[in-house]
Peer 1: 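Have a look at this one before I ask anything.
Just so we're on the same page: letters track the sequence lines, and every chain starts at 1. Note that the structure is a prediction, hence the values are computed from the model and not measured. Side-chain atoms are counted along with the backbone in the values below, which use heavy atoms only and exclude waters and symmetry mates.
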Amino acid sequence: MLKIYNTLTNQKQVFKPINPSSVGIYVCGMTVYDFCHMGHARVLVMFDVMTRHMRRTFPKVKYVRNITDIDDKIINRSIENQEDIYTLTNRFIKAMHEDEIALNILKPDFEPRATESIDQMYSMIASLIEKGFAYQGKNGDVYYSVKSFKNYGKLSGKNLDDLKAGARVDIESDKRDPLDFVLWKMAKPNEPKWSSPWGEGRPGWHLECSAMSTHHLGNHFDIHGGGMDLTFPHHENEIAQSEGANNCSFVNTWMHVGFVNINDEKMSKSLNNFFTIRDVLEKYDGETLRYFLISSHYRSPLNFSDENLASAKSALTRLYTATRGLSASSKAMDQVTMRFDYEKRFNEALDDDFNTPIALSILFEIAKHANTEREDDKDQAGALSELLKKLGNHIGIMRYDADDYLKMGIELSDAKIDEKIYQRESARALKDFAMSDQIRDELLALGIILEDSINGTTWRRK
RNA sequence: GGCUGGGUAGCAAAGCGGUUAUGCAGGGGCCUGCAAAGCCUUAUAGACCGGUUCGACUCCGGUCCCAGCCUCCA
């Protein structure tokens, strides 16, 4: 029984799909004017884990994650770079897709772009104006009138009076109320623009997501997610727009992913304390990074540090080491399935609001079990190893062969390493341990660890 | 100030009203020429103060502290 923490109710709730034969999920994706950073990575990975689990739980999942490819930041960056917005956004969309592959993120079913969804935004604006939720200011901008929507604030737990107290007044705008937000913004000279019944301009950010989500998933759908910073105002505004325009409930379950912090402070573009996914991939492989991101619960803050990444790397290495050189008969695999409840507990952990730390702890139990059986019952150890890989795959880790993973990224060729190992074996045969240890140290300096066993010497990366 | 969360052993991170979380790092042991890996074993917890209870890290109240949102942000 799947339970999900719902921001709307501030509670973990049993998830009941609107239509069990097709679950709809929408996640606010990236604004593509720069490389994705670790905060984006966390959202990508979290919803990947979540949708992988949902796909095993429900017959069909429709996962939509949009791309915001028009907004002020994109326009500003394109002016800075002296390139048109499509050149800019296409470049970063490509980079984002590369990052996703490194992190083993499965593609969403739909990845709509704002610039390709303008028509849907027109109809939403028209509907909002017609129903009295929106108005056009003298400057041409179309605004949503927040006070016309009685449930405004229900997601973020805010009330209009408190918001008003701290509201900033935007001098350039023509809002009736400082809290009103823009649905359609008039283009300034030389800005990208689309012609519309309200004049040439571009859509407001909040509008995009309302239009794209309902277009793909219907006016009322199951789950909407994003980073915690989107709760207010972005998601609050989406609710106001969608429920206003469509006159029905918008989303049942709202999910928000916690921040990635640096020194206990939010990583963000504005604070300029961010690391891009690519920065991190220079030092750690994508799977280590993914492991790190799922090693804490998705709603908790996650502190980014080299120490924590190194710890993630060691932990993942332990899992791979446990699966090394094992295989299993189908009989042993059946027996393991029958005798132990690892898989059941693993699924229960994910059913409990996607509790990945618990799911991982079960993988370590299996690893220990396999290690223990390795000497006595290699077939069973192999079956446990297969189970470990299978469950790991459910959350997008353990995707490599153990040897491939443990030897990944070493400069020296296999032949050279084998030659060194042979030299060392010869020295050891002569009990020339000084020479033997020297060779081992040489390889260690190149990041290669030698391991002697009765079956000979093998190596892995440090 | 308003609204959310949170404070767990050296570090990271969970569940749980009474019984080993888990990983990394540390101590001791087995194994090894020595290592590595692995196994066995071990120490170090629950911000503070009260309350409820036979029993609280877990529930309730208060205090202190931290983070986030309230402005673009995942």
Side-chain angles (χ1 to χ4, degrees), chain A residues 5 7 10 27-31 36-47 68 71-73 76 153 155-159 161-168 170 178-179 205 225-234 236 256-261 264-271 274 291-292 294-297 299-303 305 307-319 321-322 324 349 352 355-365 367-368 370-375 406 428 431-434 436-437 440-441 444 449-454 457-460 462:
Chain A
Y5 184 92
T7 309
N10 286 326
V27 171
C28 291
M30 260 39 82
T31 301
C36 291
H37 66 224
M38 289 297 297
H40 300 123
R42 189 177 192 193
V43 170
L44 289 169
V45 167
M46 160 51 205
F47 285 108
T68 296
D71 91 324
D72 288 1
K73 285 181 176 167
N76 292 338
L155 178 68
S156 52
K158 300 186 185 305
N159 68 276
D161 293 337
D162 290 343
L163 286 169
K164 267 171 192 151
R168 274 201 329 189
D170 185 351
L179 293 174
W205 175 45
M228 254 170 200
D229 44 2
L230 299 187
T231 310
F232 188 91
H234 184 56
E236 199 70 70
H256 292 98
V257 178
F259 299 127
V260 175
N261 291 163
D264 294 316
E265 202 177 41
K266 179 186 172 186
M267 179 185 291
S268 76
K269 297 265 187 177
S270 7
L271 290 170
F274 63 93
Y291 179 96
F292 165 69
I294 62 175
S295 65
S296 77
H297 185 77
R299 284 188 283 109
S300 309
L302 176 61
N303 217 29
S305 71
E307 194 190 358
N308 292 163
L309 277 163
S311 173
K313 184 180 167 182
S314 303
L316 191 54
T317 298
R318 175 170 163 85
L319 293 180
T321 305
R324 195 164 49 163
D352 186 13
N355 195 326
T356 50
I358 293 286
L360 289 173
S361 80
I362 291 162
L363 298 188
F364 285 102
E365 284 183 41
K368 171 167 270 188
N371 285 333
T372 313
E373 291 299 334
R374 205 177 188 97
E375 299 294 317
L406 294 169
R428 289 180 75 207
K431 300 210 185 294
D432 183 355
F433 295 120
S436 161
D437 290 351
R440 188 167 62 196
D441 289 345
L444 184 61
I449 290 174
L450 295 186
E451 299 182 325
D452 300 327
S453 77
I454 40 169
T457 299
T458 54
W459 67 274
R460 65 181 173 90
K462 197 177 166 187

Peer 1: For atom P, what is the distance between B/G38 and B/A67, given to the nearest Å?
Peer 2: 38 Å
Peer 1: How far does the C1' atom of B/C59 sit from the matching atom of B/G46, given to the nearest Å?
Peer 2: 15 Å
Peer 1: Measure from the side-chain heavy atoms of A/P357 and tell me the nearest of B/A74, B/G23, B/A13.
Peer 2: B/A13
Peer 1: Which is true for A/N308 with a 4.0 Å heavy-atom rule: it touches a base, it touches only sugar-phosphate, or it touches nothing?
Peer 2: sugar-phosphate
Peer 1: Taking atom CE of A/M267 and atom NE2 of A/H40, what is their separation to the nearest 0.5 Å?
Peer 2: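 Reported to 0.5 Å precision, the distance equals 10.5 Å.
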Peer 1: What interatomic distance, in whole Å, is found between P of B/G7 and the corresponding atom of B/U58?
Peer 2: 11 Å
Peer 1: Just how far, in rounded Å, is C1' of B/C69 from CG of A/N159?
Peer 2: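 For the pair A/N159 CG and B/C69 C1', the rounded distance is 14 Å.
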Peer 1: With rounding to the closest Å, how many angstrom separate the C1' atoms on B/G26 and B/C16?
Peer 2: 27 Å
Peer 1: Could you go through A/D452 and A/T457, starting from their C-alpha distance and side-chain angles, then the distance that decides it, and tell me whether this counts as side-chain hydrogen bond (donor to acceptor under 3.5 Å, both in side chains)?
Peer 2: CA-CA 4 Å; A/D452 300 327; A/T457 299; 2.8 Å; yes
Peer 1: Please report the distance separating the P of B/C66 from the corresponding atom of B/G51, rounded so that it comes out in whole Å.
Peer 2: 28 Å
Peer 1: In terms of the nearest nucleotide of RNA chain B, which residue is placed more toward the 5' end: A/R299 or A/L316?
Peer 2: A/R299
Peer 1: Starting at CZ of A/F259 and ending at C1' of B/G6, how long is that distance when rounded to a whole Å?
Peer 2: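 Atom-to-atom, A/F259 to B/G6, this comes out as 14 Å.
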Peer 1: Ignoring hydrogens and angles, answer whether the base of B/G68 and the side-chain atoms of A/T231 contain a donor-acceptor pair closer than 3.5 Å.
Peer 2: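 Not at all, since no donor on one side and acceptor on the other fall under 3.5 Å apart.
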Peer 1: Mind checking who B/G50 pairs with, Watson-Crick or G-U wobble, both distances under 3.5 Å?
Peer 2: B/C60
Peer 1: Identify whether any heavy atom of A/H234 sits under 4.0 Å from a base atom; if not, whether one sits that close to sugar-phosphate; answer base, sugar-phosphate or nothing.
Peer 2: nothing
Peer 1: For the pair made of NZ in A/K266 and P in B/G5, what is the distance, rounded to whole Å?
Peer 2: 18 Å
Peer 1: Any side-chain N or O of A/K368 below 4.0 angstrom from OP1/OP2 of B/C40?
Peer 2: yes
Peer 1: Could you check whether A/N355 gets within reach of a base, just the sugar-phosphate, or nothing at all, counting any heavy atom under 4.0 Å?
Peer 2: sugar-phosphate
Peer 1: Which whole-number value in Å describes the distance from A/D264 CG to B/C66 P?
Peer 2: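 From A/D264 CG to B/C66 P: 11 Å.
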Peer 1: Report the distance from atom CZ of A/F364 to atom P of B/C39, rounded to the nearest whole Å.
Peer 2: 12 Å
Peer 1: Would you mind classifying the nucleic acid contact of A/F292 as base, sugar-phosphate or nothing, using non-hydrogen atoms under 4.0 angstrom?
Peer 2: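 Touches nothing.
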Peer 1: Are OP1 or OP2 of B/U4 and a side-chain N or O of A/N10 less than 4.0 angstrom apart?
Peer 2: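 Checking A/N10 against B/U4: no side-chain N or O falls below 4.0 Å of OP1 or OP2.
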Peer 1: Quick one: is B/G5 close enough that its OP1 or OP2 comes under 4.0 Å of any side-chain N or O from A/Y5?
Peer 2: yes
Peer 1: So what does A/S314 hit on the nucleic acid, given a heavy-atom distance under 4.0 Å: a base, only sugar-phosphate, or nothing?
Peer 2: sugar-phosphate
Peer 1: So what does A/M30 hit on the nucleic acid, given a heavy-atom distance under 4.0 Å: a base, only sugar-phosphate, or nothing?
Peer 2: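 Sugar-phosphate contact only - A/M30 comes under 4.0 Å of backbone atoms but never of a base.
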Peer 1: Suppose you measure atom C1' in B/A14 against the same atom in B/U8; what distance do you get, rounded to whole Å?
Peer 2: 10 Å
Peer 1: Before giving the answer on side-chain hydrogen bond (donor to acceptor under 3.5 Å, both in side chains), spell out for A/S296 and A/R42 the whole-Å C-alpha distance, their side-chain angles and the decisive distance to 0.1 Å.
Peer 2: CA-CA 11 Å; A/S296 77; A/R42 189 177 192 193; 3.3 Å; yes
Peer 1: Under 4.0 Å, heavy atoms only, any strand: does A/L230 hit a base, just the sugar-phosphate, or nothing?
Peer 2: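 Counting heavy atoms under 4.0 Å across all strands, the contact made by A/L230 is with sugar-phosphate only.
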Peer 1: State whether the distance check finds a donor on one side and an acceptor on the other, under 3.5 Å, for side chain A/H37 versus base B/A74.
Peer 2: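 A donor-acceptor contact between them is present.
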Peer 1: Is there a donor on the side chain of A/R440 or the base of B/C34 sitting less than 3.5 Å from an acceptor on the other?
Peer 2: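 Present.
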Peer 1: Once you apply a heavy-atom cut-off of 4.0 Å, does A/K73 come out as touching a base, just sugar-phosphate, or nothing?
Peer 2: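 The answer is base, as A/K73 lies within the cut-off (heavy atoms under 4.0 Å) of a base atom.
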Peer 1: How far does the C1' atom of B/A47 sit from the matching atom of B/C40, given to the nearest Å?
Peer 2: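 Taking atom C1' in both B/A47 and B/C40, they lie 36 Å apart.
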Peer 1: Whole angstrom is fine here: how far is it from CG in A/D352 over to C1' in B/A21?
Peer 2: 14 Å
Peer 1: Within the pair A/R318 and B/G38, is there a side-chain N or O less than 4.0 Å away from OP1 or OP2?
Peer 2: yes
Peer 1: Between B/G27 and B/G10, how far is it from one P atom to the other, in whole Å?
Peer 2: 16 Å
Peer 1: Looking for any heavy atom pair under 4.0 Å, which part of the strands does A/V260 touch: base, sugar-phosphate only, or nothing?
Peer 2: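 It contacts base atoms.
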Peer 1: Under a 3.5 Å cut-off for both contacts, is B/U8 paired Watson-Crick or G-U wobble with anything, and if yes, with which nucleotide?
Peer 2: none
Peer 1: On the nucleotide B/U4, are OP1 or OP2 found under 4.0 Å from the side-chain N or O atoms that A/K158 carries?
Peer 2: no
Peer 1: Once you apply a heavy-atom cut-off of 4.0 Å, does A/T7 come out as touching a base, just sugar-phosphate, or nothing?
Peer 2: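 Here A/T7 touches no strand at all.
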Peer 1: Just call it for A/D229: base, sugar-phosphate, or nothing, with non-hydrogen atoms closer than 4.0 Å on any strand.
Peer 2: base
Peer 1: Considering heavy-atom distances to RNA chain B, does A/K431 or A/P301 have its closest nucleotide positioned more toward the 5' end?
Peer 2: A/P301
Peer 1: Paired with B/G1: which nucleotide, if any, by Watson-Crick or G-U wobble criteria at under 3.5 Å for both distances?
Peer 2: B/C70
Peer 1: At under 4.0 Å between heavy atoms, what does A/G258 touch on the DNA or RNA strands: base, sugar-phosphate, or nothing?
Peer 2: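 Contact class for A/G258: base.
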Peer 1: Categorize A/S296 for me: base, sugar-phosphate, or nothing, with a 4.0 angstrom heavy-atom threshold over every strand shown.
Peer 2: sugar-phosphate
Peer 1: Salt bridge or not for A/E451 and A/R324, using N-O below 4.0 Å?
Peer 2: yes
Peer 1: A/L179 CG to B/C69 C1': how many Å, rounded?
Peer 2: 15 Å
Peer 1: Categorize A/S300 for me: base, sugar-phosphate, or nothing, with a 4.0 angstrom heavy-atom threshold over every strand shown.
Peer 2: sugar-phosphate
Peer 1: Counting just side-chain N and O atoms, does A/T458 come under 4.0 Å of either OP1 or OP2 of B/A36?
Peer 2: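 So the side chain of A/T458 is outside the cut-off, no N or O lying under 4.0 Å from OP1 or OP2 of B/A36.
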Peer 1: Between A/N303 (CG) and B/G5 (C1'), how many Å, whole number?
Peer 2: 16 Å
Peer 1: Scan every strand shown for a Watson-Crick or G-U wobble partner of B/A37, both distances under 3.5 Å, and answer none if you come up empty.
Peer 2: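 Matched B/A37 with nothing under the 3.5 Å cut-off.
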Peer 1: Over 60° means perpendicular and under 30° means parallel, so classify the ring planes of A/F274 and A/H37, tilted if in between.
Peer 2: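 A/H37 vs A/F274 ring planes: tilted.
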